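Throughout, a chain's letter reflects where its sequence line sits, starting with A, and its residues are numbered from 1. Note that the structure is a prediction, hence the values are computed from the model and not measured.
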Amino acid sequence: MAALQFQLEKTDPGSKARTGKIKTDHGEILTPIFMPVGTVGSVKAVTQQQLMNDVKAQIILGNTYHLYLRPGLEVLEKAGGLHKFNGWQKPILTDSGGYQVFSLAGTRIIKEEGVTFQSHIDGSRHLFSPEYVMDIQRIIGGDIIMAFDECPPGGSDYAYARTSMDLTHRWLDRCWNRFHSTEDKYGYTQNLFPIVQGGTFKELRKSSCEFASSKNATGNAIGGLSVGEPEPVMYEICDWCCDHLPKDRPRYLMGVGTPWNMLECISMGIDMFDCVMPTRNGRNAMLFTTKGILNIDNKKWEFDFSPIDDGLDCEVSNYYSKAYLRHLMKAKEFLGLTIASVHNLAFYLWLMKEARTHIEKGDFASWKTEMVEVLKTKL
RNA sequence: GGGCAGAUGGCCGAGUGGUUAAAGGCGACAGACUGUAAAUCUGUUCUCUUCGGGGUACGGAGGUUCGAAUCCUUCUCUGCCCA
């Protein structure tokens with residue numbers, strides 16, 4: 001049992017893209033990688049078997065806030081951690097609840113000590129201090145756990161971004177101390193990733209990268225992007241952060257994004273992504289395919305009996321037709337949600353595999369330019 | 001054969017003299033969704049338009065009224081009850 005290790009493998013000559021291998025006690029992860037989001041211990045509408053066999057996921061996420069509220073720490077601890085509870089034996093990463101500071105802004109109070117959330121389930125109040133968030137994530141048992149941060153909205157001004165970043169840094173110290181004064185609960189090694197903040201301000205981002213890097217963590221994350229700021233700004237800040245984070249550690253861009261977002265950010269040196277987009281948008285009828293994006297609810301697919309996507313190695317995508325999936329979605333059949341989610345996730349994982357292949361071949365940059373255009377095509 | 005109830009926009013269903021082109025729901029059509037309070041949310045949904053407005057419309061026909069989906073007469077159809 002050992003801490004996470006990152007082996008850099010190939011670097012693309014035409015960009016800053018790289019391939020690598022992350023080793024955890026629950027197995028290896030080939031990077032760049034996309035991590036399906038399983039907020040409450042379940043990737044919505046998708047079984048663990050489908051994640052393994054169809055999606056070919058290498059690592060999935062869980063969420064501290066949601067899992068803490070339900071099923072709760074007692075169940076998770078008695079189960080022996082989330083891996084045993086949900087049956088996912090590959091790596092798991094848990095987000096800290098920092099994003100909920102952003103997304104549940106209407107029902108939480110931020111203080112120096114931590115954040116008091118009002119449960120979206122029953123209205124009860126819960127204080128999440130950095131220390132408690134570490135304790136919770138110890139109990140959930142993710143292989144990678146995230147520092148507790150404040151994720152400010154994309155349009156935040158300098159003063160707010162600065163204040164918020166400073167708070168996130170103080171919280172990082174507290175997370176770090178708590179994490180290193182507590183032990184792994186289940187016999188395998190957990191890893192704490194710091195999160196870079198600083199809004200859309202390069203000066204702040206640079207200092208946040210330096211602060212995060214000073215922890216010499218086994219990996220680093222970039223947070224606070226794709227939260228309302230324009231896409232070019234997101235790219236600019238992502239690129240800037242990559243340049244100021246250690247090369248020899250995985251860089252995780254939190255919450256991003258669209259397929260083209262991921263290719264652009266891979267070219268800047270990002271290794272890990274997560275996003276609800278393939279699952280949420282899939283449930284809402286938006287499909288990402290090797291030929292472009294489409295809304296499967298649209299009337300134009302009513303008589304299209306061709307496969308959802310025959311361009312990737314996923315049986316679900318190859319087997320079911322667009323017309324059939326449209327029918328399922330229109331009829332609000334559960335199976336439609338599953339097929340759409342499995343397909344979109346399989347596509348995201350396929351895209352990462354293609355990216356790795358092209359980085360290894362050394363033609364990632366040119367391939368990316370062409371692929372981004374295809375990915376954005378509205379079918 | 002007799003009695004009662006009813007017929008509203010693609011469907012269901014409010015509305016019982018004027019602010020009603022007609023609530024609401026469904027369906028349909030389109031859009032949004034980026035560390036998941038999301039199988040959610042938003043918009044459009046008679047017709048023509050030079051976007052100011054115009055034309056048709058609440059089973060059919062006729063009538064009362066300044067004005068009718070709303071009141072009266074009659075016809076057609078539907079449901080229930082009695083023979």
Side-chain angles (χ1 to χ4, degrees), chain A residues 34-46 59-67 69-70 93-108 117-123 133 137 142 144-154 168 193-197 221-231 234-235 238 252-262 264-265 270 272-288 293-302 326 328-341 344 348 378:
Chain A
F34 175 79
M35 308 180 283
V37 179
T39 308
V40 300
S42 144
V43 177
K44 293 186 191 296
V46 181
I59 170 174
I60 63 172
L61 263 65
N63 181 278
T64 299
Y65 166 83
H66 291 275
L67 288 168
L69 287 181
R70 214 161 41 189
L93 181 152
T94 51
D95 186 29
S96 60
Y99 186 73
Q100 279 62 46
V101 179
F102 163 73
S103 66
L104 302 180
T107 54
R108 94 294 190 258
F117 288 103
Q118 190 162 9
S119 162
H120 66 284
I121 298 168
D122 65 4
V133 167
Q137 291 188 96
I144 299 169
I145 73 174
M146 302 306 300
F148 191 51
D149 63 331
E150 184 197 353
C151 177
T168 288
F193 282 18
I195 302 175
V196 171
Q197 288 291 351
I222 302 166
L225 289 179
S226 277
V227 284
E229 79 287 1
E231 199 170 72
M234 185 269 278
Y235 288 144
C238 177
Y252 164 29
L253 178 57
M254 304 185 77
V256 175
T258 65
W260 51 94
N261 284 166
M262 294 193 297
E264 297 294 357
C265 295
I270 293 293
M272 305 164 73
F273 301 92
D274 78 283
C275 193
V276 303
M277 190 167 276
T279 42
R280 178 189 288 168
N281 289 31
R283 290 194 307 280
N284 294 325
M286 182 176 179
L287 301 186
F288 299 92
I293 57 181
L294 63 95
N295 183 341
I296 198 66
D297 273 347
N298 286 179
K299 194 169 183 63
K300 64 194 293 187
W301 310 115
E302 187 174 15
R326 176 178 193 269
L328 294 176
M329 297 301 282
K330 300 297 275 186
K332 296 183 165 42
E333 280 293 316
F334 295 165
L335 181 57
L337 308 180
T338 294
I339 292 173
S341 300
N344 275 350
Y348 267 56
K378 291 191 176 173

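- Proximity note for A/Arg326 (side chain, C-beta onward) versus B/rC33, B/rC29, B/rU36: the nearest is B/rC29.
- Put simply, CE on A/Met329 is 14 Å from P on B/rA30, counting in whole angstrom units.
- Atom CD of A/Gln197 and atom P of B/rG35 are 14 Å apart (whole Å).
- Residue A/Ser103 places no side-chain N or O under 4.0 Å from the OP1 or OP2 atom of B/rG35.
- Using atom P as the reference point in both B/rC26 and B/rG43, the two lie 13 Å apart (nearest Å).
- Taking the side chain as every heavy atom from C-beta outward, A/Ile144 and A/Met146 approach each other to under 4.5 Å.
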Side-chain donor/acceptor pairs under 3.5 Å, residues 253-261 of chain A, sequence neighbours excluded:
from	atom 1	to	atom 2	distance (Å)
A/Thr258	OG1	A/Trp260	NE1	3.1
A/Thr258	OG1	A/Asn261	N	3.0
A/Thr258	OG1	A/Asn261	OD1	3.0
A/Thr258	OG1	A/Asn261	ND2	3.2
A/Asn261	OD1	A/Thr258	N	3.2
A/Asn261	ND2	A/Glu231	OE2	3.0
A/Asn261	ND2	A/Tyr235	OH	2.9

Output a table of nitrogen or oxygen pairs between the protein and nucleotides 41-46 of chain B separated by less than 3.5 Å.
none

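- The closest side-chain donor-acceptor pair between A/Asn344 and A/Ser341, if any, does not fall under 3.5 angstrom.
- Considering only the side chain of A/Met286, B/rC33 comes nearest among B/rU36, B/rA32, B/rC33.
- Its glycosidic angle being within 90° of 0, B/rG52 falls on the syn side.
- B/rG9 and B/rA23: their P atoms are spaced 12 Å apart (whole Å).
- What you find for A/Ala147 and A/Ser96 is that their closest heavy atoms are O-OG, 2.9 Å.
- Distances from the side chain of A/Asn284 to the nucleotides B/rU40, B/rA37, B/rU36 place B/rU40 closest.
- Aromatic ring pairs are classed by plane angle as parallel below 30°, tilted from 30° to 60° and perpendicular above 60°; the pair A/Tyr348 and A/Phe288 is perpendicular.
- Spacing of C1' atoms, B/rA57 relative to B/rU74, comes out at 22 Å, to the nearest Å.
- Candidate nucleotides B/rA39, B/rG35, B/rC33 were compared by shortest atom distance to the side chain of A/Leu337, and B/rA39 ranks first.
- Atom CD1 in A/Ile270 sits about 19 Å away from atom P in B/rU34, given to the nearest Å.
- Atom C1' of nucleotide B/rU34 and atom CH2 of A/Trp260 are separated by 10 Å, given to the nearest angstrom.
- Taking atom P on both nucleotides, B/rA30 is separated from B/rU34 by 22 Å, rounded to a whole Å.
- With B/rU34, B/rU36, B/rC29 as the candidates, the nucleotide lying closest to the side chain of A/Val256 is B/rU34.
- The two residues A/Arg326 and A/Lys299 make their nearest non-hydrogen contact at NH2-CA, 3.4 Å.
- Residue contacts for A/Leu61: at a heavy-atom cut-off of 4.0 Å it reaches the sugar-phosphate backbone alone, with no base atom in range.
- Considering only side-chain atoms of A/Leu104, the nucleotide from B/rA37, B/rA39, B/rC29 that sits closest is B/rA37.
- Both A/Met234 and A/His120 sit near RNA chain B, but only A/Met234 has its closest nucleotide nearer the 5' end.
- Taking only side-chain atoms of A/Asp274, from C-beta outward, the nucleotide of B/rG35, B/rU40, B/rU34 with the closest atom is B/rG35.
- In the set B/rA39, B/rG35, B/rU34, B/rG35 carries the atom at the smallest distance from any side-chain atom of A/Val37.
- The nearest heavy atom of RNA chain B to A/Thr39 and to A/Phe334 marks one nucleotide each, and the one closer to the 5' end goes with A/Thr39.
- Separating the C1' atom of B/rG27 from that of B/rG60 is a span of 29 Å, rounded to the nearest Å.
- Of all non-hydrogen atoms in A/Leu93 and A/Tyr252, the two that sit nearest each other are CD1-CE2, 3.7 Å.
- Summarising the geometry, the separation between CG on A/Asp297 and C1' on B/rC29 is reported as 10 Å, rounded to the nearest angstrom.
- Of the candidates B/rU34, B/rU36, B/rG35, the closest approach to any side-chain atom of A/His66 belongs to B/rU36.
- Taking the P atom of each, B/rG25 and B/rG31 are spaced 22 Å apart, rounded to whole Å.
- In this entry B/rG1 has B/rC82 as its Watson-Crick or G-U wobble partner, both defining distances falling under 3.5 Å.
- Side chains of A/Gln137 and A/Thr94: a donor-acceptor N/O pair is present below 3.5 angstrom, by distance only.
- Across the C1' atoms, B/rA22 and B/rC58 are found 8 Å apart, a figure rounded to whole Å.
- Comparing B/rG13 with B/rC66, their C1' atoms are spaced 32 Å from each other, to the whole Å.
- Remark: C1' of B/rU34 and CE of A/Met254 are 12 Å apart, rounded to the nearest angstrom.
- Residue A/Glu302 contributes atom CD, which lies 16 Å from atom P of B/rG27 at whole-angstrom precision.
- Residue A/Lys300 contributes atom NZ, which lies 14 Å from atom C1' of B/rC29 at whole-angstrom precision.
- Here A/Asn295 reaches the OP1 or OP2 of B/rG31: one of its side-chain N or O atoms lies under 4.0 Å away.
- Side-chain atoms of A/Thr258 lie closest to B/rU34 of the nucleotides B/rG35, B/rA37, B/rU34.
- Partners of A/Ser103 by side chain to side chain contact (heavy atoms under 4.5 Å, CB included), not counting sequence neighbours, listed by chain and number: A/Tyr99, A/Gln100.
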